[in-house]
Amino acid sequence: MTKRMQAYIQTARSLQEELARPKDQYAMLLPHFVDTPYRHGEESIDVSDCSGSVCAVLNTVYNRQIRVRADDLYKYYFTKPLYKDTDDIAAVFFVDTQDKAVHVAGRICANEYMNVSSVEKAGGRIRTLESLLYMYSDYKPVLRILQDGIWQ
């Protein structure tokens, strides 16, 4: 087990012991994906793709083993619109003209998102929504929150 993975697991255990809300756990675990190299189909802090980072954190928070692609997260899990004042587990999806999500970034806080992508040459980065809109300007952004109870 890598040192990064050990730190991630230790943070997760501490948050669970503190009985932190799932939303807070999600927000505090996502930044562990900074510098994570992109690799399609992977889902760990050592290597991951966009949906892998979101799935890995949700699996840690809810003690589950679910792995789906960005489009499945968009269509079946993150199904409610994100409003500005909402304090829930959220993500931004970038959707093509056929309404297929081609990318996802998990929301850390109001305007910060964890972006793990092949576009990020140095590994995962925390980005503002504005910078993501610029990076993925060919796609329609859709902000959504995780449907209550769906990952549990």
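If you read the sequence from its start, that first residue is 1, and numbering goes on from there. Given the structure is predicted, the values throughout are model-derived calculations rather than measurements.
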Counting only N and O atoms by type, is there a donor-acceptor contact under 3.5 Å from the side chain of [X] to the main-chain atoms of [Y]?
X      : Y     : answer
Glu17  : Ala12 : no
Thr36  : Ile45 : yes
Arg144 : Pro81 : no
Ser14  : Gln10 : yes

Those residues that, when tested against [X], pass side-chain hydrogen bond (donor to acceptor under 3.5 Å, both in side chains) (two or more places apart):
X      : answer
Arg67  : Asp49, Ser51
Ser118 : none
Thr2   : Asp46

Could you tell me which non-hydrogen atom of [X] sits nearest to which non-hydrogen atom of [Y], and how far apart they are?
X     : Y      : value
Ala70 : Cys50  : CB-SG, 4.3 Å
Ser48 : Ser44  : CB-O, 3.3 Å
Phe93 : Ala101 : CD2-CB, 4.0 Å

- Can you list every pair that meets ring pair (Phe, Tyr, Trp, His ring centres under 6.0 Å) and has a residue in residues 126-150, with sequence neighbours left out?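 As it turns out, the ring pair (Phe, Tyr, Trp, His ring centres under 6.0 Å) pairs with a partner in residues 126-150, which skip direct neighbours, are Phe94-Tyr136, His103-Tyr136.
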- Which residue pairs pass the ring pair (Phe, Tyr, Trp, His ring centres under 6.0 Å) test with at least one member in residues 23-42, sequence neighbours excluded? Tyr8-His32
- Query: Which distance, rounded to the nearest 0.5 Å, do you find between the CD of Gln25 and the CG of Leu30?
  - Reply: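 Here the rounded value is 11.5 Å.
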- Item | Approximate separation, where rounding is to 0.5 Å, of Gln65 CD and Cys55 SG |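 Result: 10.0 Å between the selected atoms.
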List in chain and number order the residues that pass salt bridge (charged side-chain N to carboxylate O under 4.0 Å, His left out) with [X], two or more places apart in sequence or in another chain; answer none if no residue qualifies.
X      : result
Arg21  : Asp24, Asp87
Lys100 : none
Arg64  : none
Arg127 : Glu120

Sub-4.5 Å side-chain heavy-atom contact between [X] and [Y]:
X      : Y      : answer
Ile66  : Tyr77  : yes
Met114 : Val116 : yes
Ile126 : Asn115 : no
Leu58  : Ile89  : yes

- Item | Donor-acceptor pair between Ser117 and Arg125 side chains, under 3.5 angstrom |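 No.
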- Message: Please determine whether side-chain contact (heavy atoms from CB on, under 4.5 Å) holds for the pair Val61 and Leu29, giving the CA-CA distance in whole Å, both sets of side-chain angles, and the decisive distance to 0.1 Å.
- Response: CA-CA 9 Å; Val61 169; Leu29 291 171; 4.1 Å; yes
Report all side-chain donor-acceptor pairs from residues 145-152 shorter than 3.5 Å, counting only partners two or more places apart or in another chain.
residue, atom, partner, partner atom, Å
Gln147, OE1, Thr79, OG1, 3.1
Asp148, OD2, Lys80, NZ, 3.4
Trp151, NE1, Asn59, OD1, 3.0

- Query: So does Met28 have more than 12 non-hydrogen atoms from other groups sitting under 6.0 Å from CE?
  - Reply: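 No, the 6.0 Å shell around CE holds no more than 12 heavy atoms from other groups.
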- Query: Does Arg4 CZ have over 12 foreign heavy atoms under 6.0 Å away?
  - Reply: yes
Listing, residues 104-112 side-chain donor-acceptor contacts under 3.5 Å, not counting sequence neighbours, or none:
residue, atom, partner, partner atom, Å
Arg107, NH2, Thr86, O, 3.1
Arg107, NH2, Asp88, O, 3.3
Asn111, OD1, Leu129, N, 3.1
Asn111, ND2, Glu130, OE1, 2.9

- Task: For the pair Tyr113 and Leu143, evaluate side-chain contact (heavy atoms from CB on, under 4.5 Å) and give the outcome as yes or no after the intermediate values.
- Result: CA-CA 11 Å; Tyr113 293 81; Leu143 299 160; 3.3 Å; yes
- Task: Starting from the C-alpha separation in whole Å, work towards a yes-or-no answer on side-chain contact (heavy atoms from CB on, under 4.5 Å) for Val95 and Val102.
- Result: CA-CA 6 Å; Val95 179; Val102 298; over 6 Å; no
- Message: Taking side chain to side chain donor-acceptor pair (under 3.5 Å) as the cut-off, I'd like each qualifying pair that reaches into residues 89-99, sequence neighbours left out, listed once.
- Response: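 Residue pairs with at least one partner in residues 89-99: Tyr74-Asp99.
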